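All values below were derived from every heavy atom in this structure, side-chain atoms included, with hydrogens, water molecules and symmetry-related copies excluded. What you see is a predicted model; the values in this text were computed from it and never measured. Lettering follows sequence order; numbering is per chain, from 1.
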Amino acid sequence: MTVRIATWNINSVTARLPKLLEWLESAKPDVLCLQELKCAADNFPYEEVRELGYETAAHGTGRWNGVAILSKLGLDDVVRGLPEQPGYLADDAMLPDVEPRAIGATCGPVRVWSVYVPNGREVDHAHYRYKLEWLETLRQAVLEDAAGARPFAVLGDFNIAPTDDDVFDPAAFVGMTHVTPVERAALAALQESGLQDVVPRPLKYDHPYTYWDYRQLAFPKNRGMRIDLTFGNKPFADAVTDSYVDREARKGKGTSDHAPVVVDLEL
DNA sequence: ATGTCAAGGTAGCCTTGA
């Protein structure tokens, strides 16, 4: 069977609902992993996407995080949050906040996680250490599925550009988060666990960037980064027939600052 | 100089986070 899976950091599912519905109708993914819902799970537009044939599992509290999985292939064994997921302890907080940044589900023949990896803010910031700890927890959480025979993938906004080729100006990023050797080592560790980086093709230009800052005309100038990634196990990666970044969805006003990434499989 | 955006609390702007 042919299966189309996609991931999209939508930057508010509420503000982007018309764009989301329009994109679902045109791209017709079987499974869509969303990040940055910026809406509480109770407020997710379940009915609107149901009318297009999707079941939804959402995990969110209404702030800047929140993740979901939409599926036309069923939605089983839903898990909200990673086992042992670390929380972030803000300066003014008493307790660490275990944020809604991961949700897993089985959609027909495929098991997926939709993840929104912490940004890290700045190297030496507590948020950066939190990011690394979070990635190690993710690696441990997916070990079994990564080594399994069932097609499996972790998709989402990793907030890491895997190589210098995935950044519009590597020199400008030296010493900044998203490109440090330590962050890239965390991705390498995922790969050593049996997950491959499924690199999409760009629809235009020669780099498959997935994110362009809203500021300074970054999108028209194609000053982007590839930080929305798909890490699939061997049964998943072997089944991939195509993958592309839908930069058309980044055009115009009222769009997310990220473009959807589409992965086609023949299972 | 961010050629920006969204949410939330609070009060018609400011702060936070990205």
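Under the 4.0 Å criterion applied to side-chain N and carboxylate O atoms, A/E183 and A/K131 are assigned as salt-bridge partners.
Following rounding to the nearest Å, A/E36 (CD) and B/dT4 (P) show an atom-to-atom distance of 18 Å. Per the geometry, CG belonging to A/L17 stands 12 Å off P belonging to B/dA7, to the nearest Å. In this structure, A/F219 places its CZ atom 16 Å from C1' of B/dG3, rounding to the nearest Å. Rounded to whole Å, the distance from CZ on A/R215 to P on B/dG17 is 15 Å. Whole-Å rounding puts the A/N11 CG to B/dT4 P distance at 15 Å. Look at CD on A/E99: it is 15 Å from C1' on B/dA7, rounded to the nearest Å. When rounded to the nearest whole Å, the span between OH of A/Y214 and P of B/dA7 equals 10 Å. Look at CG on A/N43: it is 15 Å from C1' on B/dA6, rounded to the nearest Å.
For B/dG8, neither phosphate oxygen OP1 nor OP2 lies less than 4.0 angstrom from any side-chain nitrogen or oxygen of A/K38. Regarding contacts with the backbone of B/dA7, a side-chain N or O of A/S12 is found under 4.0 angstrom from either OP1 or OP2. In terms of phosphate contacts, A/Q216 brings no side-chain nitrogen or oxygen within less than 4.0 Å of OP1 or OP2 of B/dT2. Residue A/R121 has a polar side-chain atom (N or O) positioned under 4.0 Å from OP1 or OP2 of B/dA18. At the phosphate of B/dA18, neither OP1 nor OP2 sits under 4.0 Å from any side-chain N or O atom of A/R63.
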What do the steps show when you test A/T56 against A/I69 for side-chain contact (heavy atoms from CB on, under 4.5 Å), and what is the final call?
-> CA-CA 6 Å; A/T56 303; A/I69 299 173; over 6 Å; no
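Taking atom C1' on both nucleotides, B/dG3 is separated from B/dT15 by 22 Å, rounded to a whole Å. For the C1' atoms, the distance linking B/dA7 with B/dA11 amounts to 15 Å, nearest Å. Spacing between B/dA1 and B/dA6 at atom P, rounded to whole Å, works out to 25 Å. Nucleotides B/dT10 and B/dG17 are separated by 16 Å at their P atoms, to the nearest Å.
If A/A40 and A/D157 are placed on DNA chain B by their nearest nucleotide, the residue sitting closer to the 5' end is A/A40. Along DNA chain B, the nucleotide closest to A/N119 and the one closest to A/R16 are compared, and the more 5′ of them pairs with A/R16.
Looking at the side chain of A/L217, the nearest of the listed nucleotides B/dA7, B/dG17, B/dG3 is B/dG3.
Looking at A/H207, its side chain never comes within 3.5 Å of a backbone N or O of A/Y209 through a donor-acceptor pair. Under the 3.5 Å distance criterion, the side-chain polar atoms of A/R101 are matched with a main-chain donor or acceptor of A/Y116.
Between A/L132 and A/V182, some side-chain heavy-atom pair lies under the 4.5 Å cut-off.
A salt bridge (Lys or Arg N to Asp or Glu O under 4.0 Å) with A/R4 is found for exactly one of A/D30, A/D264, A/D242, namely A/D264.
A/H127 comes within contact range of the sugar-phosphate backbone alone, with a heavy-atom separation under 4.0 Å but no base atom that close. Among the protein residues, A/Y116 comes within range of the sugar-phosphate backbone only, with heavy atoms under 4.0 Å from sugar or phosphate atoms but none that close to a base.
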